Amino acid sequence: MSDCIFCGIIAGDIPGIKVSETDTTYAFMDINPANDGHLLVIPKRHSTDLLDIGADDLTAVTLEAQRIARAMVDGVGADGVNLLNCCRAPAWQTVFHFHLHVIPRYADRNTDRLSLPWQPGVPGDRTVMTDYAQTLSAALT
């Protein structure tokens, strides 16, 4: 797509710092990183978001993200990795070309700048969870 910044990066029309490239995926450094080493893995074929991407491209992007995550831990010294996808604007998507954020995490809080946007360990309302589960289960059939 001519107006997509990520398609422009793949084509070489827009500068990007490439990390890896396969026949179907492209990985490059995020210009607004949550942590040092934060990068994006995208399909070369344009798809808008998680709801639009084909199964083969989603599989290829996920497997490449896993390969890069291993390199972050084994080769760069990250203590962990977050994979993040934002699907649509209300979920923080700002570039509408499917992408997975691969974010290295570090036990040293002086190195790791990322914090959670919610509080793990705070239980949800069981009635609300049950209602959502039933509604989603019905929608899947």
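Both backbone and side-chain heavy atoms feed into the values below; hydrogens, waters and symmetry mates do not. One-based numbering along the sequence shown. Remember, predicted model here, so these are calculated numbers, not experimental data.
Annotation for Gly16 and Ile9: closest pair CA-CG2, 4.3 Å, computed over non-hydrogen atoms. The minimum heavy-atom distance between Ser20 and Arg67, with the atom names listed, is CB-NH2, 3.8 Å. Contact record, Ala78 with Pro104: CB-CB, 3.8 Å, taken as the closest heavy-atom pair.
Side-chain contact check for Thr25 and Thr22: at least one donor-acceptor pair (N or O, by modelled atom type) lies under 3.5 Å.
The line from CH2 of Trp92 to CG of Asn85 is 12.0 Å long, rounded to the nearest 0.5 Å. Distance check: Ile103 CD1 to Leu39 CG gives 9.0 Å after rounding to the nearest 0.5 Å. Considering SG of Cys7 and NE2 of His46, their distance stands at 5.5 Å, rounded to 0.5 Å. Between Glu64 atom CD and Ile42 atom CD1 the span is 11.5 Å, to the nearest 0.5 Å. Atom CE of Met72 sits about 10.5 Å away from atom CG of Asn82, to the nearest 0.5 Å.
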ask   = Leu50 and Phe98: side chain to side chain contact (heavy atoms under 4.5 Å, CB included), yes or no, with the steps?
value = CA-CA 6 Å; Leu50 180 63; Phe98 177 83; 4.0 Å; yes
message = Show, in sequence, the C-alpha distance, side-chain angles and deciding distance for Asp57 and Lys44, and conclude whether the salt bridge (Lys or Arg N to Asp or Glu O under 4.0 Å) test is met.
response = CA-CA 8 Å; Asp57 282 344; Lys44 287 184 174 178; over 6 Å; no
query = Between Tyr26 and Ile10, does a side chain to side chain contact (heavy atoms under 4.5 Å, CB included) hold up when you go through it step by step?
reply = CA-CA 7 Å; Tyr26 194 89; Ile10 293 167; 4.0 Å; yes
request  = For Phe96 and Asp49, run side chain to side chain contact (heavy atoms under 4.5 Å, CB included): C-alpha distance rounded to whole Å, both residues' side-chain angles, the deciding distance at 0.1 Å, then the answer.
outcome  = CA-CA 6 Å; Phe96 295 91; Asp49 58 32; 5.7 Å; no
request  = Please lay out, stage by stage, how His101 and Leu40 fare under the test side chain to side chain contact (heavy atoms under 4.5 Å, CB included).
outcome  = CA-CA 5 Å; His101 294 261; Leu40 306 173; 3.2 Å; yes
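In the hydrophobic cluster analysis, where Ile, Leu, Val, Met, Phe, Trp and Tyr join through side-chain heavy atoms closer than 4.5 angstrom, Val102 is grouped apart from Leu84. Tyr106 and Val81 fall into different hydrophobic clusters, where Ile, Leu, Val, Met, Phe, Trp and Tyr side chains are chained together by heavy-atom contacts under 4.5 Å. When the side chains of ILVMFWY residues are joined at heavy-atom separations under 4.5 Å, either directly or via intervening members, Met29 and Leu83 end up in a single hydrophobic cluster. Using a 4.5 Å cut-off between side-chain heavy atoms of Ile, Leu, Val, Met, Phe, Trp and Tyr, with links allowed through other members, Leu100 and Val95 fall into different hydrophobic clusters.
Side chain of Thr135 to main chain of Tyr132: no donor-acceptor pair is present (N/O by atom type, distance under 3.5 Å, no hydrogens or angles). Although no hydrogens or angles enter the test, the distance criterion places a donor-acceptor pair under 3.5 Å between the side chain of Asp79 and the main chain of Ala107. A side-chain donor-acceptor contact under 3.5 Å links His97 to the backbone of Pro43. When atom types are taken as modelled, the side chain of Asn35 and the backbone of His38 share no donor-acceptor pair closer than 3.5 angstrom.
In Arg126, the CZ atom is not crowded: 12 or fewer heavy atoms of neighbouring residues, nucleotides or ligands sit closer than 6.0 Å. Heavy atoms of other residues, nucleotides or ligands lying less than 6.0 angstrom from CZ of Arg88 number 12 at most. Within 6.0 Å of atom CD1 in Ile31, 12 or fewer heavy atoms from other residues, nucleotides or ligands are found, so the atom counts as exposed in its surroundings. Atom CG of Leu63 has more than 12 neighbouring heavy atoms from other residues, nucleotides or ligands inside a 6.0 Å radius. In the displayed structure, Asp52 atom CG is contacted under 6.0 Å by more than 12 heavy atoms of other residues, nucleotides or ligands.
Of the candidates Val73, Leu114, Thr111, Leu114 is the only one forming a side-chain contact (heavy atoms from CB on, under 4.5 Å) with Arg105.
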